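Within every chain, numbering begins at 1; the chains are lettered A, B, ... in the order of the sequence lines, protein sequences first and strands thereafter. Everything numeric in this text was worked out from a predicted model, so none of it was measured.
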Amino acid sequence: MPELPEVEVVRRGLERWTAGRTVAAVTTLHPRAIRRHANGPADFASLLTGRTLAAARRRGKYLWVPLDDEQHALVGHLGMSGQLLIQPPDAEDETHLRIRISFTDGGTELRFVDQRTFGGLAVEPLVDDGAAGLVPHSVAHIARDPLDPLFDDRAFLTALRAKRTGVKRALLDQTLISGVGNIYADESLWRAKLHGEHPADRITKPRATTLLDAARAVMTEALAVGGTSFDSLYVNVNGQSGYFSRALNAYGQAGQPCPRCQTAIQRIAFMNRSSYFCPRCQPLPRRRDAQRGVGQ
DNA sequence: CATAGATCCTGTATGC
DNA sequence: TGCATACAGGATCTAT
């Protein structure tokens, strides 16, 4: 599913294929795809039509394209199955085509395709976000991602170690650190040899630092691989191609030997989904009394 | 306020 | 063959 590296690949495709082009028409085929847009499909189309698109930007799993009115941006989130495709106008409609955006040059269209409709597009006002400049309203409330040069490592480590919850849940909290989803959370925890249910407020500073380094490394490596896989007329988007070629150490590997110690990777239920981990490399710490005060 | 759990959605895979 | 169930899982809403 699209997490930070996959979304970054999409951003690059968008930047390449839509920057500088002017919107001719917008068709919303499924209202749910713009449920985040405040005033419905007609307003969505009217705010976009005639606008020229700037270079796409990204924070975490959010994408946005500033408009030339300098007050709004087209914001996108892929959810779990969303795709942004660049297609010739005469290409047959995809089964799950939700939104079509055509351009005044008569060239390729931008299509939002989404089977499960957890993703969507919206036009939002830009708001001031300090050093980051102007960002869309819905982006302002999430944290920077670890590949952002302005990501504040120290602030993150402090906030993480103040959370009274399991470390995996904290990693998935987009207001602490953005861009990490279920797959990269499991991979990061495996690398850092931490159990996902390890209480966040009982992780020592060095181990928390190791975890952040692991998250950054795994997403950087995935981006390097995912970036190789799109062809000219098809802005790859759901990350599937990159995803399959990636080497996963824990995620989805239930029953497979841990690449470090050969113990079988275990799957457990977590937040209506799954967590994968090595029970030997990533043991759950003992009860709090034994550890109280350690690492403080 | 912080945290935990339910919910949205649809296609695919599996079990009986 | 057909039906039921589990699963995939981001973000958000509701409950505690």
Side-chain angles (χ1 to χ4, degrees), chain A residues 1-11 28-38 58-64 75-84 93-99 112-122 124 135-143 145 158-189 196-203 215 219 222 237-244 246 248 250-255 266-277 288:
Chain A
M1 302 301 133
E3 301 180 31
L4 187 154
E6 293 77 21
V7 177
E8 173 59 17
V9 170
V10 175
R11 188 201 67 74
T28 300
L29 295 95
H30 194 309
R32 195 173 145 79
I34 56 154
R35 66 192 181 287
R36 303 290 173 80
H37 183 83
R58 181 190 58 74
R59 177 180 288 180
K61 304 168 201 166
Y62 280 88
L63 287 165
W64 73 94
V75 183
H77 197 295
L78 302 178
M80 295 184 305
S81 54
Q83 298 176 284
L84 283 165
D93 286 6
E94 292 77 6
T95 304
H96 302 293
L97 178 63
R98 309 304 189 194
I99 299 168
F112 181 70
V113 177
D114 190 4
Q115 178 205 107
R116 280 175 266 184
T117 68
F118 280 25
L121 303 182
E124 295 182 16
V135 304
H137 182 258
S138 63
V139 172
H141 80 281
I142 69 166
D145 62 66
T158 301
L160 173 72
R161 301 202 311 130
K163 280 285 176 185
R164 298 178 57 81
T165 187
V167 62
K168 180 170 177 182
R169 194 179 255 273
L171 267 186
L172 295 174
D173 180 346
Q174 304 294 301
T175 66
L176 277 187
I177 180 172
S178 66
V180 182
N182 202 40
I183 296 167
Y184 292 110
D186 279 1
E187 291 298 303
S188 303
L189 290 164
E197 289 169 13
H198 193 124
D201 61 357
R202 259 170 281 143
I203 297 176
M219 291 201 287
V237 209
N238 61 3
Q240 279 191 350
S241 42
Y243 173 84
F244 285 125
R246 206 179 308 145
L248 295 172
Y251 183 82
Q253 306 301 305
Q266 196 175 329
R267 171 188 177 277
I268 57 174
F270 168 79
M271 286 171 77
N272 280 339
R273 56 209 67 174
S274 299
S275 285
Y276 299 87
F277 67 102
R288 65 160 56 217

Interatomic distance where [atom1] belongs to [X] and [atom2] belongs to [N] [whole Å]:
| X | N | atom1 | atom2 | value |
| --- | --- | --- | --- | --- |
| Asn272(A) | dC9(B) | CG | P | 15 Å |
| Gln174(A) | dG10(C) | CD | C1' | 8 Å |
| Arg98(A) | dC9(B) | CZ | C1' | 9 Å |
| Ile177(A) | dA11(C) | CD1 | P | 13 Å |
| Leu4(A) | dA11(C) | CG | P | 11 Å |
| Phe118(A) | dC13(C) | CZ | C1' | 13 Å |
| Arg59(A) | dG10(C) | CZ | P | 19 Å |
| Met271(A) | dA11(C) | CE | P | 11 Å |

Do the side-chain N or O atoms of [X] get closer than 4.0 angstrom to the phosphate oxygens (OP1, OP2) of [N]?
| X | N | answer |
| --- | --- | --- |
| Thr117(A) | dT10(B) | no |
| Tyr276(A) | dA8(C) | yes |
| Thr165(A) | dA4(B) | yes |
| His77(A) | dA11(C) | yes |

If you check the Arg36(A) side chain, which of dC9(B), dT12(C), dT10(B) turns out closest? dT12(C)
Among the candidates dA8(C), dT3(B), dC8(B), find the nucleotide nearest to the side-chain atoms of Arg164(A). dT3(B)
Under a 3.5 Å cut-off for both distances, is dC1(B) Watson-Crick or wobble paired, and to whom?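 Paired with no nucleotide.
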Classify the nucleic acid contact of Tyr62(A) as base, sugar-phosphate or nothing, counting any heavy atom under 4.0 Å across all strands shown.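 The residue Tyr62(A) makes sugar-phosphate contact but no base contact.
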Classify Arg35(A) by what it touches in the nucleic acid, base, sugar-phosphate, or nothing, heavy-atom distance under 4.0 Å. nothing
Between Arg58(A) and Asp145(A) (salt bridge meaning N to carboxylate O under 4.0 Å), is one present in this structure? yes
Step by step, would you call Leu189(A) with Phe277(A) a side chain to side chain contact (heavy atoms under 4.5 Å, CB included)? CA-CA 8 Å; Leu189(A) 290 164; Phe277(A) 67 102; over 6 Å; no
For a quick check, tell me whether the side chain of Arg116(A) and the base of dG10(C) share a donor-acceptor pair closer than 3.5 Å.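 No pair found.
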Start at the 5' end of DNA chain B and walk down; is the nucleotide closest to His96(A) or to Lys163(A) reached first?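 By nearest-heavy-atom nucleotide position, the 5'-most residue is Lys163(A).
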Let me know, please, whether Arg169(A) or Arg273(A) comes out on the 5' side of the other along DNA chain B by nearest nucleotide. Arg169(A)
Evaluate the side chain to side chain contact (heavy atoms under 4.5 Å, CB included) criterion for residues Lys168(A) and Asn182(A): first the C-alpha distance (whole Å), next the side-chain angles of each, then the deciding distance (0.1 Å), finally the verdict. CA-CA 9 Å; Lys168(A) 180 170 177 182; Asn182(A) 202 40; 2.7 Å; yes
After noting the C-alpha distance and the side-chain angles of Leu78(A) and Lys61(A), does the key distance pass the side chain to side chain contact (heavy atoms under 4.5 Å, CB included) rule? CA-CA 8 Å; Leu78(A) 302 178; Lys61(A) 304 168 201 166; over 6 Å; no
His137(A) atom NE2, neighbour heavy-atom count above 12 within 6.0 Å: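 Open.
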